Amino acid sequence: MSIDLPPGNIRPGPRIPSALPRLSMLLLVLLLAVAFPRPGHAAYDEAKPAGPPILVGANYAYPPYEFLDANGHPAGYNVDLTRAIAEVMGVKVEFRFGTWSRLRDELRAGRVDILQGMSFSDDRTHEVDFSPPHTIVHHAIFARRGTKVVTTLEELRGKKVVVFKGGIMHDSLVRLGLGPELVLAKSPADALRLLAAGGCEYAVVAALPGMSLISQLHLTNVVPVARSVAAEKYCYAVRKGNTELLTRFSEGLAILEQTGQYQAIYDKWLGVHEQPRLSRDRALKYGLAVLLPLLGVLAGTAVWSRTLQRRVADRTAELAQEVAERNRALEELKRHQDKLIQADKMATLGTLVAGVAHEVNNPNGLILLNLPILRDVFRDTEETLEERYQKEGDFPLGGIPYSRMREEVPKMLEEMGEGASRIKRIVEDLKDYARQDTVARKEPFDLNDVVQKALRLLEPTLRKSTSRFSTQFAENLPPALGVPQRIEQVIVNLLVNACQALPAPDRAIRLATSYDPEQALLRVSIRDEGVGIPQEFLNRLTDPFFTTKRESGGTGLGLSISAGIVQEHGGSLSFDSPPGGGTTAVLSLPTGPGEQQ
């Protein structure tokens with residue numbers, strides 16, 4: 001054993017006096033003798049393991065964990081634990097005591113092999129390797145009597161605080177940004193003496209060493225003001241990469257835990273400082289003293305409480321029924337309000353569509369009116385242009401050679417006419433779609449024609465959503481009876497839903513019309529290769545305000561309104577979405593009068 005005491009530090013005090021009576025101390029010694037059998041020459045001081053001793057660094061004044069007793073011998077929880085590990089692992093150890101900061105330097109320099117008590121932190125893992133923790137060290141804030149009480153480390157900001165250099169609390173307070181304000185001492189004892197002398201306002205020291213040193217040094221004006229501001233894992237530590245030595249001590253520690261020797265050492269040094277446990281008999285005695293009067297009071301109030309509970313339950317049921325009825329009324333009112341809002345929006349949209357259609361129709365009408373005149377003009381000038389071509393050869397016409405333009409101009413005029421006619425048809429479809437049919441007069445109509453109008457309206461949407469759109473129209477369909485604009489609205493809604501279900505443009509949408517003569521039903525089937533609909537939602541698709549697209553702005557009214565329109569026409573709307581994706585929507589309508597077979 002070597003001792004490294006810095007000049008001017010305190011002389012090591014005696015071992016911490018036990019709180020047990022002398023008889024209990026004798027019993028404890030007997031128990032330890034049983035727990036630590038030393039037959040023959042197996043005692044630590046007499047063992048002669050092979051190889052050089054392992055140098056163990058220890059703080060000279062950190063009771064009850066490690067310290068030098070009155071005779072200058074190593075003592076404390078850490079010392080006994082290290083000796084026990086050395087014995088079970090068959091190694092020889094030699095203790096080297098000193099200040100904590102110097103011990104850390106000697107570990108880095110290789111003059112010490114292992115530190116038997118070092119608090120774990122992530123920052124320290126860059127410098128050393130840690131064993132599994134063998135205990136938890138609680139840290140406290142100490143102050144002189146009458147000093148303002150603080151409860152957390154953060155409250156020390158702006159105060160004059162002393163810690164011992166290189167300790168875990170030094171590291172923690174530096175991380176909190178309190179480094180420039182700290183006063184550094186060589187040991188916990190120096191920190192507490194400086195506090196007692198008025199050299200600082202607070203000291204942050206491990207709780208057990210702090211209380212032990214206060215007793216040893218008779219610092220009667222120093223008291224703990226916050227008893228557990230941090231709990232740190234206490235481990236063995238070796239230089240980075242010294243895996244063999246660390247594994248040996250970790251294995252020895254595990255053996256001590258299994259044999260019970262660790263618990264005996266813990267109880268010897270640290271157990272006496274823990275809060276004494278309440279015995280079972282005493283707990284039962286105190287419990288009965290409190291419970292018996294309480295039972296009397298509870299017995300007296302039981303009947304009254306039960307009656308009150310029944311009354312409260314009855315009144316609660318009445319209130320719950322009233323609340324449920326009120327909620328139903330509010331929900332119904334909300335549904336009607338939402339329907340009115342949606343109807344108003346649709347009416348406004350119809351007005352806007354009609355206005356836009358009118359504005360588009362006027363210039364398009366001029367185009368349709370002027371195109372025949374332009375065709376006649378070109379025919380009249382074609383003979384003159386042809387004569388010039390025969391005499392002078394090719395010449396530019398509008399920047400393009402005449403030999404090419406005489407073929408292109410008729411085609412261009414024809415394409416312009418077809419485009420203008422297409423615009424006219426789309427505008428008429430929009431006007432029909434937006435028309436408010438207040439009378440809702442039913443009439444025979446061609447289902448294929450209604451579907452084609454819906455497709456013309458949605459052509460840009462379909463072209464953007466899928467590159468694989470296909471149609472199949474049944475021939476010679478009997479007419480249906482109803483309002484064509486409303487059925488067109490249903491088909492538009494079903495196609496928009498199909499487009500929105502596609503995850504990519506390479507997925508297909510297929511539309512087909514058919515007729516079932518046995519049931520006298522016309523059908524429109526729209527099949528998409530989209531994400532599909534969960535089975536539990538299929539029966540709720542036409543419920544008002546139910547939607548699976550709430551995040552993207554869905555209101556849950558489209559299919560509900562569509563279902564109402566189809567029901568008014570005596571038809572049905574069904575959906576099928578098998579596992580694996582894809583949805584098929586089928587619109588069924590009865591044929592008009594006289595068409596049933």
Side-chain angles (χ1 to χ4, degrees), residues 332 335-336 338-340 342-343 346-347 349-350 429-458 471-498 509-528 533 537-547 555-577 583-597:
E332 187 69 20
R335 283 199 293 267
H336 286 302
D338 290 339
K339 286 184 178 181
L340 290 175
Q342 185 66 18
M346 295 300 293
L349 180 60
D429 291 343
L430 283 173
K431 291 169 68 177
D432 289 341
Y433 184 77
R435 183 179 298 117
Q436 295 184 359
D437 46 350
T438 54
V439 180
R441 181 173 54 85
K442 294 184 178 181
E443 59 185 25
F445 64 88
D446 185 349
L447 183 61
N448 282 345
D449 183 55
V450 170
V451 172
Q452 289 170 355
K453 285 185 177 181
L455 292 177
R456 286 197 294 272
L457 287 176
L458 292 176
T471 58
Q472 183 178 355
F473 294 98
E475 297 181 354
N476 302 320
L477 291 180
L481 182 64
V483 183
Q485 290 83 6
R486 291 190 175 182
I487 299 301
E488 181 182 352
Q489 180 181 352
V490 174
I491 296 170
V492 166
N493 197 5
L494 295 177
L495 286 170
V496 169
N497 285 346
I509 297 178
R510 301 179 181 87
L511 182 147
T513 60
S514 61
Y515 174 59
D516 183 356
E518 294 183 0
Q519 300 184 20
L521 288 177
L522 296 164
R523 290 193 176 93
V524 179
S525 173
I526 299 174
R527 166 70 180 170
D528 67 71
I533 302 172
F537 293 159
L538 283 176
N539 295 330
R540 302 181 57 195
L541 291 179
T542 57
D543 291 351
F545 306 106
F546 177 80
T547 178
T555 62
L557 290 172
L559 290 179
S560 176
I561 294 172
S562 298
I565 293 173
V566 174
Q567 188 175 7
E568 290 175 359
H569 286 72
S572 64
L573 194 59
S574 63
F575 300 89
D576 180 43
S577 183
T583 303
T584 301
V586 179
L587 165 63
S588 301
L589 293 172
T591 57
E595 298 298 332
Q596 293 89 343
Q597 297 182 357

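Just so you know, residue 1 is the first one in the sequence shown, and it goes up from there. Only a predicted model underlies this, so the values are computations on that prediction, with no experimental measurement involved.
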Sub-4.5 Å side-chain heavy-atom contact between [X] and [Y]:
{"X": "T583", "Y": "D576", "value": "no"}
{"X": "I526", "Y": "L495", "value": "yes"}
{"X": "E488", "Y": "L457", "value": "yes"}
{"X": "I565", "Y": "I561", "value": "yes"}
{"X": "V586", "Y": "L573", "value": "no"}
{"X": "R523", "Y": "D516", "value": "yes"}

Nearest-0.5 Å distance, [atom1] of residue [X] to [atom2] of residue [Y]:
{"X": "L511", "Y": "I491", "atom1": "CG", "atom2": "CD1", "answer": "7.5 Å"}
{"X": "L587", "Y": "S572", "atom1": "CG", "atom2": "OG", "answer": "7.5 Å"}
{"X": "F473", "Y": "D449", "atom1": "CZ", "atom2": "CG", "answer": "10.0 Å"}
{"X": "D528", "Y": "N497", "atom1": "CG", "atom2": "CG", "answer": "9.0 Å"}

Which atom names give the shortest non-hydrogen contact between [X] and [Y], and what distance separates them?
{"X": "H569", "Y": "L481", "value": "CD2-O, 3.8 Å"}
{"X": "S588", "Y": "V566", "value": "O-CG1, 4.2 Å"}
{"X": "F445", "Y": "P484", "value": "CB-CG, 3.8 Å"}
{"X": "A585", "Y": "L494", "value": "CB-CD2, 4.2 Å"}
{"X": "P590", "Y": "G570", "value": "CD-O, 3.7 Å"}
{"X": "Y515", "Y": "L521", "value": "CD1-O, 3.3 Å"}

Checklist entry - With no hydrogens and no angle check, is any side-chain donor or acceptor of S562 less than 3.5 Å from a backbone partner on V490? => result no

Checklist entry - Taking the side chain from T513 and the backbone from N448, do they hold a donor-acceptor pair closer than 3.5 Å? => result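 No, because the side chain of T513 does not come within donor-acceptor range (under 3.5 Å) of the backbone of N448.
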
Checklist entry - Between S525 and T584, does a side-chain contact (heavy atoms from CB on, under 4.5 Å) hold up when you go through it step by step? => result CA-CA 7 Å; S525 173; T584 301; 3.8 Å; yes

Checklist entry - For atom CD of E443, is the number of surrounding heavy atoms from other residues, nucleotides or ligands below 6.0 Å larger than 12? => result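 Check passes, neighbour count above 12.
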
Checklist entry - Does the side-chain contact (heavy atoms from CB on, under 4.5 Å) test come out yes or no for L447 and I487, once each step is laid out? => result CA-CA 9 Å; L447 183 61; I487 299 301; 4.3 Å; yes

